[in-house]
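Down below is the structure, laid out as structure tokens.
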Amino acid sequence: MTTPERRSILCPNCGRLISRDEPSCPWCGTSHPGSWLKNNPLTRSVGSADRLVTIIITVNMVMYLVSLLISNHSPGHGGLFSALSPDQGSLLALGATGVVPIDRYDRSWSLLSANYLHGGPLHIFFNMMALRQLLPLVAQEYGTSRMLTIYTLGGVCGYVLSYLAGVGYTIGASAALCGLIGSLLYYGKSRGGVYGQAVFKEVWGWVVGLFFFGLIVPGINNWGHGGGVVGGIVLGFLLGYRERRAENLFHKFLAGGCILATAVALALGLLSAFVTFAGRSLH
């Protein structure tokens, strides 16, 4: 006796339970949600906000560990706050951005790779904590494809502004995180109502905190933060959020392009680091 094929699935776009045979999702309007192209193990995992958070944090951790492995600094170099901090040479090899890497070494791709590099354990810890809070909220209101685009291009916007401002050398996920903050500011103000106001007030608190943090702590790239916030606001407006516009094929294509561009940038950084490390070993 054969077991009948399961005919219910989770919509690959909105995640609600529907029939595999639906011509379009009755909740979000996605056409042919049961097709293999839209409903396979790869697209299902990429469509999960929790899965994406785990992937992004993992990539950040891997890049941080690689930067430590190729660094000339010993693990305890410089005392408590500088311990486990990679040197500037390793970060530059892996894809730090700014005027020096872009103008001197023609590394425009570093506008993407720098979002996945960190200067020490506290730097990566606080950025990953913020990422874990912000990414699911943006995915909830915008969808995972638009969230990926906002995270990627928001970071690029932050680093483009800091480059234009003459910042010589910079790294960190905070520009991309500020892109997420900007998109939530736009969402809260645009949506309005009790919920929209609550989102806006909460996220505005992040902006105020970042502003004062940047004034007090030396070495903070305030241009990157500001550019990320403005970029996130503009991207939120251009892409729209779920209550105004369902995610469509264009949003998915744009997110796929961001993933591919980021993968290429990180691969170039790792290749550069390998060449640098091999050169050191030979000498």
Side-chain angles (χ1 to χ4, degrees), residues 56-75 77-78 81-128 130-131 151-179 210 213-214 217-229 231 258-259 261-280:
I56 292 173
I57 290 177
T58 300
V59 172
N60 275 276
M61 292 301 300
V62 167
M63 295 300 289
Y64 174 63
L65 291 174
V66 171
S67 71
L68 290 179
L69 286 172
I70 67 172
S71 175
N72 277 328
H73 286 171
S74 60
H77 173 83
F81 292 103
S82 298
L84 295 177
S85 297
D87 64 11
Q88 183 168 311
S90 65
L91 293 171
L92 181 61
L94 282 168
T97 196
V99 173
V100 174
I102 292 175
D103 286 353
R104 187 176 300 175
Y105 300 107
D106 296 322
R107 292 186 166 194
S108 56
W109 51 266
S110 65
L111 294 168
L112 288 162
S113 57
N115 289 289
Y116 292 84
L117 300 175
H118 293 85
L122 292 179
H123 190 199
I124 191 169
F125 174 76
F126 286 116
N127 275 348
M128 295 304 99
L131 187 148
Y151 183 76
T152 304
L153 298 186
V156 170
C157 287
Y159 283 137
V160 165
L161 183 60
S162 68
Y163 166 78
L164 294 174
V167 176
Y169 173 89
T170 184
I171 54 169
S174 54
L177 291 169
C178 285
L210 280 169
F213 186 72
V217 180
I220 299 297
N221 185 358
N222 293 304
W223 290 105
H225 290 174
V229 170
C258 287
I259 292 171
T262 300
V264 170
L266 293 176
L268 288 171
L270 290 169
L271 178 62
S272 168
F274 174 78
V275 171
T276 301
F277 184 74
R280 284 182 193 168

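Index from 1, following the sequence. All values derive from a computational prediction rather than experimental measurement.
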List the residues meeting ring pair (Phe, Tyr, Trp, His ring centres under 6.0 Å) with H118, not counting sequence neighbours, and say none if there are none. H123
Scan V66, V275, I70 and name whichever one has a side chain to side chain contact (heavy atoms under 4.5 Å, CB included) with L270. V66
With side chains defined as the heavy atoms from C-beta onward, is the minimum distance between [X] and [Y] less than 4.5 Å?
{"X": "W223", "Y": "L164", "value": "no"}
{"X": "N127", "Y": "L131", "value": "no"}
{"X": "T97", "Y": "W109", "value": "no"}

Mind checking the [atom1]-[atom2] spacing from [X] to [Y]? Nearest 0.5 Å is all I need.
{"X": "L84", "Y": "Y64", "atom1": "CG", "atom2": "OH", "result": "5.0 Å"}
{"X": "L177", "Y": "F126", "atom1": "CG", "atom2": "CZ", "result": "13.5 Å"}
{"X": "L111", "Y": "S162", "atom1": "CG", "atom2": "OG", "result": "8.0 Å"}
{"X": "L68", "Y": "S90", "atom1": "CG", "atom2": "OG", "result": "7.5 Å"}
{"X": "Y169", "Y": "S110", "atom1": "OH", "atom2": "OG", "result": "11.0 Å"}
{"X": "S113", "Y": "L94", "atom1": "OG", "atom2": "CG", "result": "8.5 Å"}

If you look at every heavy atom in [X] and [Y], which pair is closest and at what distance?
{"X": "A176", "Y": "Y151", "answer": "CB-O, 3.2 Å"}
{"X": "G95", "Y": "L117", "answer": "C-CD1, 3.5 Å"}
{"X": "P121", "Y": "S85", "answer": "CD-OG, 4.3 Å"}
{"X": "C157", "Y": "G227", "answer": "CB-O, 3.7 Å"}
{"X": "S272", "Y": "A93", "answer": "OG-O, 2.9 Å"}
{"X": "G119", "Y": "I171", "answer": "N-CD1, 3.5 Å"}

Counterpart residues, side chain to side chain donor-acceptor pair (under 3.5 Å), relative to S67 (two or more places apart): none
Residues which pass side chain to side chain donor-acceptor pair (under 3.5 Å) with Y163, listed by chain and number, not counting sequence neighbours: D103
Would you please name every residue forming a side chain to side chain contact (heavy atoms under 4.5 Å, CB included) with [X], sequence neighbours left out?
{"X": "Y105", "answer": "L92, V100, R107"}
{"X": "F213", "answer": "V217, I220"}
{"X": "L112", "answer": "T152, V156, A261, T262, A265"}

Trace of the side-chain contact (heavy atoms from CB on, under 4.5 Å) decision for C258 with L153: CA-CA 8 Å; C258 287; L153 298 186; 4.1 Å; yes
